[in-house]
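What you see is a predicted model; the values in this text were computed from it and never measured. Counting starts at 1 for both ligands and their atoms, following the listed order.
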Amino acid sequence: MELLSGKSVYLTGGASGIGKAVTETFIQEGAFVTVLDKSAAGLGQLKQEFGDRVLCIEGDVTVYEDHVHAVEAAVEATGKLDVFVANAGVFDGFAKFSEVTPEAMSDAYDLLFTINVKGYFNGAKASAEELKKTNGNMIFTVSGAGFYPDGGGVWYTASKHAQIGLMRQLAFELAPDIRVNAVGPGGTLTALNVIGPLKPFVKAVDPDTKAKSIKSRNPLRIAMTSEDHVGAYLLLASDQSRAITGEVISSDGGLAVRGL
Ligand code: NAD
């Protein structure tokens, strides 16, 4: 049985990494997926791979009208909207509070919070009315950094805590019509970008070193890939989780049981 047969999904940041893996799985499970991403090249590739099961829209999650346009396009293509996945995000590269200048910290805050937090709010606001009609649900990609230190620098960690707060408040306000949940991946091998203002303050890490570091930091000793997280999204998007709202499913190799 396909878990998402006939479902219409709107997802941000589907041109790469975790969002792309979720898009692929959702399509395999019977969904039609509308993807908003700023990467024209990534969207072109997505279209090539998934043809008429995906609608690709180039845009920026910080622009509210881009979400409105994407929701309208999803509804025009499928007649409805069942699921919104807020996923597009950027990283601060573990930039250290004590090493970054106040000016760079200020620029980094504006950029990172506008994408990671306001971007999620914008998508939720633009899709809520359509989701209400279908008793649909929202899923936010958060992070282990939404619970613990050392999953990023101050702004990334703060933004992931903020996303969890936003998710919980929306789950409260939108019940009983719309379920709102999150998936919290741990460190994962993707192309997640360090924002411009912080680049001079962080060291570039090669993929091998990154894989070793991720593996050594979680109890299950997994160098996680995007595909490792898709099961959690699938459960939350499907009707198999109709009693779940306001929750985070941690998909992080067991960060909660790291011990002292
Ligand atoms: P990624 O860079 O592979 O994918 C992010 C996608 O978002 C890209 O396609 C990018 O073009 C898009 N994007 C970025 N800014 C955008 C904007 N302003 N407007 C539209 N699209 C934009 O990275 P990823 O690791 O797959 O990240 C996806 C989510 O997973 C993020 O929210 C990230 O914080 C979260 N996450 C990642 C990790 C990790 O270690 N990679 C761990 C936990 C959580």
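The closest non-hydrogen atom to atom 32 (O) of ligand 1, taken over Asn87, Thr141, Thr190, comes from Asn87. Around atom 19 (N) of ligand 1, the closest heavy atom drawn from Leu46, Val183, Val61 belongs to Val61. Among Lys20, Gln163, Lys38, the residue whose heavy atom lies closest to atom 22 (C) of ligand 1 is Lys38.
The closest approach between a heavy atom of Tyr156 and any atom of ligand 1 is below 4.0 Å. By the 4.0 Å heavy-atom criterion, Phe140 is excluded from the residues contacting ligand 1. The shortest separation from a heavy atom of Lys160 to ligand 1 is under 4.0 Å, placing the residue in contact. Within the structure, ligand 1 has Gly186 among the residues with a heavy atom less than 4.0 angstrom away.
For Asp82, the salt bridge (Lys or Arg N to Asp or Glu O under 4.0 Å) criterion is met by Lys80, not counting sequence neighbours.
Note: no N/O pair closer than 3.5 Å links Gly187 and ligand 1 by distance alone.
Side-chain contact annotation: His67 with Ser127, donor-acceptor N/O pair under 3.5 Å absent.
Under the salt bridge (charged side-chain N to carboxylate O under 4.0 Å, His left out) criterion, the residue pairs touching residues 239-260 are Lys7-Asp239, with sequence neighbours excluded.
Salt-bridge check for Lys133 with Glu130: passed, with a basic side-chain N closer than 4.0 Å to an acidic carboxylate O.
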